[in-house]
Every structure is written in C-alpha cells, then in structure tokens.
Amino acid sequence: MTQQTTSATRNPECRLQLRRPPLPTPATCHRGARRLRLVTGGGLELEVHPDRALDLGHATFRGVPLSWISPTGISSPALGEARGREWLRSFGGGLLATCGLDTFGPPSTKDSAEYPMHGRVGITPATLVEARIHDGELVIRGEVRQTTVFGENLVLHRTLRSAIGGTSFTLEDTVTNEGLTAAGHMVLYHVNLGWPLLDEHAVLDVNSAKVTPRDDDAAAGVARWHEIEPPQADYREQVFLHDVSQTAAGSAVIDNPALDIRFTLTFDTKTLPALHQWKMAGLGHYVMGLEPANTDQIQGRVRAEESSELPQLQVGESVSYRLTFDFGPSLKKETP
C-alpha cells in the first residue's frame, strides 16, 4: 500500500492522507477503495471515501468515535446494487451517506423507470479534483456524475473544508442538471451518529416547529422523539419529520455531558427545508440519523411526483447546499 502525505508547516498535527488499495487479486478485487484521512490538528479526524461520492466514514473527536458504522462496513461501491432495497446491503453508515440525486426513501417504479431505495449517488465514484492544504484550510474537492443513456445527467460538485487546528468542517455541494430535459432532483444527507457519543447520557435538540411521525411505529414513540434510549431487543425503527422551514438555519444537536462532547449540525433551510430523524435504538443497530433534505416527502420518488412535491432542475440549472459539522465541549456538563 502506498501513502501520500501532505503536512502543514504551521501545525505538524494537521495532515491529509490518501490511502490507495493494493493492486487487485482474485481475493481482493471487490474490496479495495480509495480513502482520504483528514486530521485538523484540533482534535477532529475523519475519513473521506472518494469511491462513494466523497461520503464520510469513521470520525473521531479528541479520540472519541462519533459515527455509526453498520455491520456491512464501508465497502467498495462494486458491492452495491442500485435496485429495490439492496441499498441496505452496502449501507456502511459513517458520518455521512448521501442519498439521491433523483430519489430518496423507499424504492418505487414508474413507466419502467426504477428508483431504488435512497438512490444511486452513494455508490458512484467521484473524480477527485483536489486534496490539499491551502490558505490555512484543509480542502477536498471532487465531482460525481449520475447519468444514464436517454435519462438524467446530474452532476454533484462537492467541497469539504476545515480550518487548520479547527474542530468543525463544512460541506458545500452544487448539483447541476447537464441533461437535455428538466430533471427531478431529490437529495438527503444521511448523518449517522453512534456509540459512545450516542448513549442515554446524551441529549438531542432540534430547532423544529413541528414533529410528524412517519408511521404507526413512530406515532407510538413521538412523545419521546428527543429521548436517547439505551439499546433494546426487538426495537422497531422510528422516523420523524421535523418542520424547520420557518428558521433561516436548521440545527440539530447531540450533547453528551458524560463525554464532554457536543455535536452540532447546521444547514441552510432555503435549499434544505426538511429534516428527517431516524431513531434506531436496537441491539447491534444503535444509531441516530439526522437527515437534512430538499423535500419533506418521505415516501420516495413516485409519491413525491404524484403529490407535486418533487423538486425540479431545469436544463443548465444548479442548486447549492451547505452543511456545517461542529464539535466542541458540552454545554450541559455540570460544573462542580
């Protein structure tokens, strides 16, 4: 395995590392995938996966794991299948799994067009444009194209940036319709927090005006949507829709005073007017998903189209999204 490292002279703890897989063999030809490791020098470290749309995997703050990693792990996109509910077989979790670009939610079909669960972009490799330290920032930039013959041609331009010595990073996306006709465009940012940040000592806060349960399972727990419960056997997932459209910036916080760590996710509600919350307190699947989205339609592409809730991008039109991930000391910690 070869490794390329760039160091900042002003902070030797700050670095970007590009890890390349070994040359493929019959035993490993479906395992290898590129990985970038971003170390700010301020206690924040995260792994970026160019072969999975520049999504985010393992992340730590002051050495404490933050993200939930599923039993599948962060695998090569070669193992992913864009049909039905097969997304679940290669959903590794990680700090961020991008869903889209033309659908998210359950699978659906219309006029022979298949819209698989959570879309195709998350198993689409990116073209890595830039990975360097520049003007006091660590910057990663890439391009992901979701396209097909006689169909959509949507291009995602993604930039990740973090200040040297910082404890936060921003994700800036621009999606452009480079096709020949208008295209339906749905995107959801599947942010996945896990143990030990997530435990019964932690507190969840969302600045939403209204909380709506997705189904009967969620309705049974809607009064406890904000409670972080211990892992339980036979727990059934609960999904809640948060109305954040009346605020200029959406905000979701998990604060764990026992660890003295506070995570804050903020996003621009002009282009991401909805937040979906995935609460899964099961044994072996213990995760809180905080998921900003460009539509509050949670039942997939066809339902969004039928209910006139499908966002559209005209030919040549672009839309931009911005999310900030911030980590710091708890504001709930009791002082002696």
Side-chain angles (χ1 to χ4, degrees), residues 33 49 51-57 67-110 113-126 144-148 151-152 154-156 158 171 173 175 183-194 214-215 218 237-242 265 267 272 274-280 285 287-305 307 309-311 313 319 321 323:
H49 295 271
D51 289 329
R52 299 189 67 99
L54 284 170
D55 276 343
L56 309 177
S67 54
W68 173 72
I69 304 298
S70 84
T72 74
I74 309 294
S75 62
S76 165
L79 299 176
E81 294 187 57
R83 60 184 178 86
R85 297 175 59 87
E86 291 300 296
W87 180 84
L88 292 170
R89 293 194 174 274
S90 62
F91 171 42
L95 188 61
L96 173 66
T98 306
C99 304
L101 294 170
D102 59 349
T103 186
F104 63 76
S108 58
T109 303
K110 184 176 182 180
E114 296 184 15
Y115 300 101
M117 183 178 189
H118 284 330
R120 297 175 169 87
V121 71
I123 55 172
T124 303
V144 186
R145 185 179 297 271
Q146 179 186 315
T147 189
T148 183
E152 81 279 359
L154 298 170
V155 182
L156 167 66
R158 171 163 290 181
L171 182 146
D173 281 353
V175 178
H185 167 51
M186 297 174 68
V187 66
L188 178 144
Y189 294 89
H190 212 297
V191 178
N192 308 289
L193 290 312
R214 180 186 67 178
D215 51 25
E237 67 173 4
Q238 298 177 3
V239 176
F240 306 100
L241 176 63
H242 290 260
L265 173 68
F267 51 96
L272 295 170
L275 177 72
H276 301 183
Q277 176 197 351
W278 175 41
K279 182 179 178 180
M280 183 62 207
H285 292 83
V287 53
M288 182 71 73
L290 303 173
E291 307 164 9
N294 72 337
T295 173
D296 60 7
Q297 176 51 252
I298 204 169
Q299 297 297 338
R301 165 65 180 249
V302 172
R303 184 73 66 83
E305 191 170 349
S307 61
E309 297 175 275
L310 176 65
L313 283 178
V319 60
Y321 307 103
L323 299 90

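In this text, all values refer to a predicted model and were calculated from it rather than measured experimentally.
- Among all heavy-atom pairs drawn from L96 and L171, the shortest one is CD2-CD1, 3.4 Å.
- The shortest non-hydrogen separation linking L310 to R301 is CD2-NE, 3.5 Å.
- Within the 4.5 Å cutoff, the side chain of P292 has heavy atoms near those of the L323 side chain.
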Evaluate the criterion side-chain contact (heavy atoms from CB on, under 4.5 Å) for residue pair T147 and E152; output intermediate values, then yes/no. CA-CA 5 Å; T147 189; E152 81 279 359; 5.7 Å; no

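- Two residues are said to be in side-chain contact when any heavy atoms from C-beta on lie closer than 4.5 Å; I298 and V239 meet this criterion.
- A tilted orientation is assigned to the rings of Y321 and H185, their planes being inclined by 30° to 60°.
- Nearest heavy-atom pair across A126 and V144 is CB-CG2, 3.6 Å.
- If you run side-chain hydrogen bond (donor to acceptor under 3.5 Å, both in side chains) between E291 and each of Q277, H276, H190, H242, only H190 comes through.
- For the residue pair T98 and D55, a side-chain donor N or O sits within less than 3.5 Å of a side-chain acceptor on the partner.
- With hydrogens and angles ignored, the 3.5 Å screen pairs no side-chain donor or acceptor of T103 with any backbone N or O of G119.
- Considering all non-hydrogen atoms of both residues, A97 and N192 come closest at N-ND2, 4.2 Å.
- Contact annotation: the side chain of H285 approaches that of W68 to within less than 4.5 Å [non-hydrogen atoms, C-beta and beyond].
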Review item, side-chain donor-acceptor pairs of residues 79-87, under 3.5 Å, at least two apart:
from: E81; atom 1: OE1; to: R83; atom 2: NE; distance (Å): 2.8
from: E81; atom 1: OE1; to: R83; atom 2: NH2; distance (Å): 2.9
from: E86; atom 1: OE1; to: R89; atom 2: NE; distance (Å): 3.4

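- With hydrogens and angles left out, the side-chain atoms of E309 and S307 include a donor and acceptor closer than 3.5 Å.
- Using a 4.5 Å cut-off on side-chain heavy atoms (C-beta onward), L272 and Y189 make contact.
- For the residue pair F104 and V187, the shortest heavy atom distance occurs at CE2-O, 3.5 Å.
- Of the charged side-chain nitrogens involved, at least one lies within less than 4.0 Å of a carboxylate oxygen, so that E237 and R214 count as a salt-bridged pair.
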